[in-house]
Amino acid sequence: MSRILAKLFHFFVPDTTPVSHTEKLISAVGGFLGILLIFVISYLSLGPWGAPWIVASMGASAVLLFAVPHGQLSQPWALIGGHVLSAAIGVTVFRFIPDAFLAAALAVGLAIAAMYYLRCVHPPGGATALAAVLGGPDVHALGYSYVLVPVLANAVVILLAAIAVNYPFRWRR
């Protein structure tokens, strides 16, 4: 029985590269600082009700940028291109598709396709497209300015935070 449990454990919890406590702490501090800065920008541009939608997609970006800084999905073009492109697609789909369920699904599907073709796949971009459709009146009132502020502004801020946090550590550059 213990052999079966061990096999199940290894199936569901794969072996990973050991990560030092220093690395984990740097990632956590970076994520904290990046999201704190983003939340301020989102709150100022969207108010208390719209900001959580933007912070959610940027929270996923923070995990990529600070926990996996060398990953393909964590690179600057993936971050900026993925969010900006997905935001523009989300706003466009919201404007032309009145059914929220269809619009949400179409926005995410089109964002994935566009990110692939433009080589800027960044999974949190799907949440950014979704927020453009489901984000409520505060987000909808922004129209295409949603693409610039808060999305582009937030992506640039978290990118700068990632550079500032990761650069001092040679192995994280």
Side-chain angles (χ1 to χ4, degrees), residues 27 30-166 172-173:
S27 296
F32 168 79
L33 292 173
I35 293 302
L36 180 64
L37 292 170
I38 281 175
F39 197 88
V40 169
I41 288 172
S42 295
Y43 182 86
L44 292 174
S45 63
L46 294 174
W49 302 111
W53 283 95
I54 306 309
V55 172
S57 68
M58 292 296 165
S61 292
V63 173
L64 290 169
L65 293 174
F66 296 106
V68 193
H70 294 290
Q72 183 178 0
L73 306 176
S74 305
Q75 299 309 303
W77 171 238
L79 170 75
I80 302 292
H83 278 297
V84 169
L85 183 62
S86 297
I89 289 169
V91 171
T92 302
V93 168
F94 174 77
R95 288 184 165 222
F96 291 104
I97 307 294
D99 180 82
F101 293 123
L102 181 59
L106 187 59
V108 173
L110 289 174
I112 292 169
M115 287 188 286
Y116 260 128
Y117 282 109
L118 294 175
R119 297 182 177 164
C120 58
V121 174
H122 188 68
T128 299
L130 200 57
V133 174
L134 303 176
D138 291 334
V139 172
H140 298 152
L142 292 172
Y144 284 103
S145 67
Y146 165 80
V147 176
L148 300 176
V149 177
V151 173
L152 177 60
N154 284 344
V156 168
V157 165
I158 201 164
L159 176 61
L160 293 175
I163 291 169
V165 168
N166 292 330
R172 293 180 64 92
R173 292 184 189 159

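The figures here come from the full heavy-atom set of this structure, side chains too, leaving out hydrogens, waters and symmetry mates.
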Rounded to the nearest 0.5 Å, how far does [atom2] of [Y] lie from [atom1] of [X]?
X	Y	atom1	atom2	answer
Met58	Leu64	CE	CG	12.0 Å
Leu160	Leu33	CG	CG	13.0 Å
Leu65	Ile163	CG	CD1	9.5 Å
Leu152	Thr128	CG	OG1	11.5 Å
Asn154	Ile35	CG	CD1	8.5 Å
Trp77	Leu159	CH2	CG	12.5 Å

Provide the closest heavy-atom pair for [X] versus [Y] in the form atom of the first, atom of the second, distance.
X	Y	result
Ala131	Val139	O-CG1, 3.6 Å
Arg172	Ser27	NH1-OG, 3.4 Å
Ala162	Phe66	CA-CE2, 3.4 Å
Pro69	Ser74	O-CB, 3.9 Å
Val133	Ala104	CG1-N, 3.7 Å
Ser57	Pro124	O-CB, 3.2 Å

* To do: Flag the pair Leu79 / Ile158 as yes when at least one side-chain heavy-atom distance between them is below 4.5 Å, and no otherwise.
  =>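 Result yes, sub-4.5 Å side-chain heavy-atom pair found.
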What pairs of donor and acceptor atoms, side-chain ones from residues 108-122 against any protein atom, are under 3.5 angstrom apart with sequence neighbours left out?
{"residue": "His122", "atom": "ND1", "partner": "Leu73", "partner atom": "O", "Å": "2.7"}
{"residue": "His122", "atom": "NE2", "partner": "Ser61", "partner atom": "OG", "Å": "2.7"}

* Is there a donor-acceptor pair closer than 3.5 Å between any side-chain N or O of Ser86 and the backbone N or O of His83? ->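 Answer holds: no.
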* Asked: Between His140 (side chain) and Gly136 (backbone), is there a donor-acceptor pair under 3.5 Å?
  ->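 Such a contact is found between His140 side chain and Gly136 backbone.
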* Asked: Of all residues at least two apart in sequence or in a different chain, which pass the side-chain hydrogen bond (donor to acceptor under 3.5 Å, both in side chains) check with Thr92?
  -> Tyr144
* To do: For Ile97, check side-chain contact (heavy atoms from CB on, under 4.5 Å) against everything at least two apart and list the hits.
  => Val93, Leu102, Ala103, Leu106
* To do: Decide if atom OH of Tyr43 counts as having more than 12 heavy atoms of other residues, nucleotides or ligands within a radius under 6.0 Å.
  => no
